[in-house]
Amino acid sequence: MFKKILRKLFIFLIYGFVWLFVFSIPVANGKSLYQIGYYYVVDTKPVHWILNKAYYGAKTTENTAKDTAHEVIDKVSSEVKK
């Protein structure tokens, strides 16, 4: 079992070093592949739109949960006072 875990850890490290090497390759004017990929894929309008939708959805859910919690607290406190 220990050999199996050690083997998987070794394979994971090899893959990590390969990806580290691939993303650190200088492509153009001192920019690495990671920087160019981030600029052209991650830092685009559709990605920002999706992230903003997820952020506002999470905020709406959070606010709904807070409102529900306040309602429950008010109902319980009014029942306790009776």
Side-chain angles (χ1 to χ4, degrees):
M1 181 172 168
F2 181 69
K3 287 182 181 179
K4 194 175 189 180
I5 293 172
L6 193 58
R7 182 177 174 197
K8 287 185 180 186
L9 178 65
F10 182 69
I11 292 171
F12 177 77
L13 288 174
I14 294 296
Y15 279 123
F17 283 127
V18 167
W19 278 107
L20 183 65
F21 174 73
V22 166
F23 281 119
S24 65
I25 295 173
V27 179
N29 297 333
K31 289 187 176 181
S32 68
L33 186 62
Y34 173 78
Q35 291 169 333
I36 291 176
Y38 180 83
Y39 178 74
Y40 287 111
V41 176
V42 178
D43 200 24
T44 58
K45 288 187 188 240
V47 173
H48 285 287
W49 183 80
I50 291 169
L51 290 176
N52 284 335
K53 283 292 248 186
Y55 173 76
Y56 289 126
K59 276 301 207 185
T60 303
T61 304
E62 180 182 351
N63 290 338
T64 304
K66 283 181 182 178
D67 293 341
T68 305
H70 286 298
E71 289 175 9
V72 169
I73 290 170
D74 291 340
K75 286 180 181 178
V76 168
S77 65
S78 67
E79 287 295 321
V80 168
K81 288 179 183 177
K82 286 183 181 179

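Numbering starts at 1 and runs along the sequence shown.
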- How does the hydrophobic cluster around I5 look, that is, which other residues are in it when side-chain heavy atoms under 4.5 Å mark a link? M1
- Message: Strictly by side chain to side chain donor-acceptor pair (under 3.5 Å), give each pair with a member in residues 68-80 just once, sequence neighbours left out.
- Response: none
- According to the side chain to side chain donor-acceptor pair (under 3.5 Å) rule, which pairs have a member within residues 44-54, sequence neighbours left out? D43-H48
- Query: Can you tell me how far the CZ atom of F10 sits from the OH atom of Y15, to the nearest 0.5 Å?
  - Reply: 12.0 Å
- Message: What's the separation between atom OG1 in T60 and atom OH in Y55, rounded to the nearest 0.5 Å?
- Response: 10.0 Å
- Task: Not counting sequence neighbours, which residues clear salt bridge (Lys or Arg N to Asp or Glu O under 4.0 Å) with K4? List them please.
- Result: none
- Results of side-chain contact (heavy atoms from CB on, under 4.5 Å) for L6 - residues two or more places apart only: F2
- Listed by chain and number, what are the side-chain contact (heavy atoms from CB on, under 4.5 Å) partners of K81, not counting sequence neighbours? none
